[in-house]
Amino acid sequence: MKEQIELKPCPFCGGDAIIYYPAHNTVAVLCSRWKCGAMISIGDARCIDEVAERWNRRATDERAD
C-alpha cells in the first residue's frame with residue numbers, strides 16, 4: 001500500500017491542497033479553491049514526493065542548501 005502524502009494548506013488562502021495530474025507525465029499540487037490559483041508542478045509525474053515537499057516548504061523554514 002502506498003503511503004499517504006501529507007500536504008499543508010495553501011500558504012496564501014489556507015485552502016486544502018490537492019494532487020493533480022494536468023498532463024501526461026506531469027504532477028502538480030494546487031489549492032482546491034479555484035479562485036486562489038496557487039499551484040506548483042514538476043514535469044515528471046514520478047516526483048510526487050518532490051512536488052509535495054516543495055508545496056509544503058514555507059518561507060520561514062530553514063533552507064538546507
Side-chain angles (χ1 to χ4, degrees):
M1 178 182 248
K2 192 163 184 158
E3 186 178 320
Q4 177 105 8
I5 295 174
E6 295 287 327
L7 297 171
K8 291 182 180 180
C10 176
F12 303 104
C13 73
D16 291 332
I18 58 173
I19 297 171
Y20 178 60
Y21 296 90
H24 177 68
N25 206 34
T26 302
V27 64
V29 176
L30 56 97
C31 179
S32 62
R33 295 179 180 166
W34 64 271
K35 287 186 177 184
C36 175
M39 180 181 82
I40 186 167
S41 67
I42 294 180
D44 185 352
R46 295 171 296 174
C47 294
I48 184 62
D49 292 332
E50 184 178 347
V51 76
E53 179 183 325
R54 289 181 184 189
W55 175 269
N56 287 334
R57 188 178 308 140
R58 299 296 189 253
T60 56
D61 292 348
E62 286 189 38
R63 295 189 72 176
D65 291 337

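Numbers for residues simply follow the sequence, beginning at 1.
- Placement of Ile19 and Ile40 within a single hydrophobic cluster is found when ILVMFWY residues are connected by side-chain heavy-atom separations under 4.5 Å, directly or transitively.
- Looking only at side-chain heavy atoms (C-beta outward), Val29 and Ile18 stay at 4.5 Å or farther from each other.
- Few gaps surround CZ on Arg58; more than 12 heavy atoms of other groups in view lie less than 6.0 Å from it.
- Nearest heavy atom pair, residue Gly14 against residue Pro9, reads O-CB, 3.6 Å.
- Under the 4.5 Å side-chain criterion, counting only non-hydrogen atoms from C-beta, Ile42 is in contact with Arg54.
- Cluster membership check: Val51 shares its hydrophobic cluster with Tyr21, using side-chain heavy-atom separations under 4.5 Å among Ile, Leu, Val, Met, Phe, Trp and Tyr.
- The nearest pair of heavy atoms linking Gly15 to Ser32 is C-OG, 4.4 Å.
- By the rule that hydrophobic residues join a cluster once side-chain heavy atoms approach within less than 4.5 Å of another member, Trp55 and Val27 end up as members of one cluster.
- Under a hydrophobic-cluster definition in which Ile, Leu, Val, Met, Phe, Trp and Tyr are linked whenever side-chain heavy atoms come within less than 4.5 Å, directly or via other members, Ile5 and Leu30 are assigned to different clusters.
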